[in-house]
Amino acid sequence: MANRQIGETLKKYRKLRGWTVSDVVVQLREQYHMDVAEKTVYGWESDQAMPRTETLLTLCELYHIDHLSDGFIASPTTQNDFAITPDEMELIKQYRKHPELHEVIRRILNTP
């Protein structure tokens, strides 16, 4: 099963972290003891190859992708859609955890 979004998503999240492909190879080796060639990472990002499931899950952990739907599952788009960075996603999660602060945050941001 090919999902052309996987390569695009992996590349997007790598770039959001400010990493080169070489950085990913080093991170995989140092943090996860995985020996992966740069050519392999390029293959995943260009949809020439598909990472194994356990490798994909490791990449999600490395890139801080909390849910596969955060980029791997197609969703309907509208003109108002825009990309949310991992940092923005974390802010949203924290906002939702603290409903007691919603009113204050709205005032600070001057939103209804």
Side-chain angles (χ1 to χ4, degrees):
M1 176 178 105
N3 182 343
R4 301 211 39 93
Q5 284 189 281
I6 290 177
E8 292 172 19
T9 301
L10 290 174
K11 187 174 187 176
K12 176 181 99 174
Y13 276 87
R14 173 179 59 81
K15 289 186 173 198
L16 282 172
R17 303 215 44 88
W19 291 344
T20 65
V21 169
S22 296
D23 294 330
V24 173
V25 169
V26 169
Q27 293 292 327
L28 288 172
R29 185 180 324 112
E30 290 179 357
Q31 290 187 36
Y32 301 96
H33 308 290
M34 294 176 65
D35 242 353
V36 176
E38 287 184 23
K39 181 179 174 181
T40 302
V41 176
Y42 281 117
W44 296 333
E45 290 184 358
S46 64
D47 294 310
Q48 299 299 313
M50 192 74 138
R52 294 183 330 188
T53 303
E54 55 272 10
T55 302
L56 181 58
L57 293 173
T58 299
L59 290 166
C60 286
E61 184 176 319
L62 181 66
Y63 294 150
H64 301 285
I65 301 172
D66 295 330
H67 304 284
L68 290 179
S69 61
D70 284 351
F72 295 110
I73 297 172
S75 60
T77 59
T78 67
Q79 280 186 327
N80 297 329
D81 282 350
F82 56 91
I84 296 177
T85 67
D87 289 337
E88 292 168 329
M89 182 62 71
E90 184 58 33
L91 288 172
I92 292 167
K93 288 177 186 176
Q94 291 302 317
Y95 175 81
R96 289 181 177 173
K97 285 181 184 178
H98 299 282
E100 72 278 7
L101 298 175
H102 290 186
E103 185 178 339
V104 173
I105 292 169
R106 282 192 207 97
R107 285 183 189 171
I108 291 168
L109 298 175
N110 197 27
T111 60

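Values in this document were obtained by computation on a predicted structure and should not be read as measured data.
- For the atom pair CD (Gln27) and CE (Met34), the distance works out to 12.5 Å, reported to the nearest 0.5 Å.
- Residues passing the side-chain hydrogen bond (donor to acceptor under 3.5 Å, both in side chains) test with Glu54, sequence neighbours excluded: Arg52.
- Considering NZ of Lys97 and CD1 of Ile92, their distance stands at 13.0 Å, rounded to 0.5 Å.
- A heavy-atom distance below 4.5 Å is not found between the side chains of Lys12 and Glu8.
- Taking the side chain as every heavy atom from C-beta outward, Tyr13 and Leu62 never approach each other to under 4.5 Å.
- Rounding to the nearest 0.5 angstrom, the gap separating the CG atom in Asp47 from the NZ atom in Lys11 is 10.5 Å.
- Two residues are said to be in side-chain contact when any heavy atoms from C-beta on lie closer than 4.5 Å; Arg29 and Val36 fail this criterion.
- Counting all heavy atoms, side chain and backbone alike, Glu61 lies closest to Tyr32 at OE2-OH, 3.1 Å.
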Scan the side chains in residues 15-22 for donor-acceptor partners under 3.5 Å anywhere in the protein, sequence neighbours excluded, and list what turns up.
{"unit_1": "Arg17", "atom_1": "NH2", "unit_2": "His64", "atom_2": "NE2", "d": "3.4"}
{"unit_1": "Thr20", "atom_1": "OG1", "unit_2": "Ser22", "atom_2": "N", "d": "3.3"}
{"unit_1": "Thr20", "atom_1": "OG1", "unit_2": "Asp23", "atom_2": "N", "d": "3.0"}
{"unit_1": "Thr20", "atom_1": "OG1", "unit_2": "Asp23", "atom_2": "OD2", "d": "3.2"}
{"unit_1": "Ser22", "atom_1": "OG", "unit_2": "Glu38", "atom_2": "OE2", "d": "2.6"}

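- Considering all non-hydrogen atoms of both residues, Tyr95 and His102 come closest at O-NE2, 2.7 Å.
- Contact annotation: the side chain of Leu10 approaches that of Leu56 to within less than 4.5 Å [non-hydrogen atoms, C-beta and beyond].
- Separation of atoms CG (Leu28) and CG (Leu59) is listed at 5.5 Å; rounding is to 0.5 Å.
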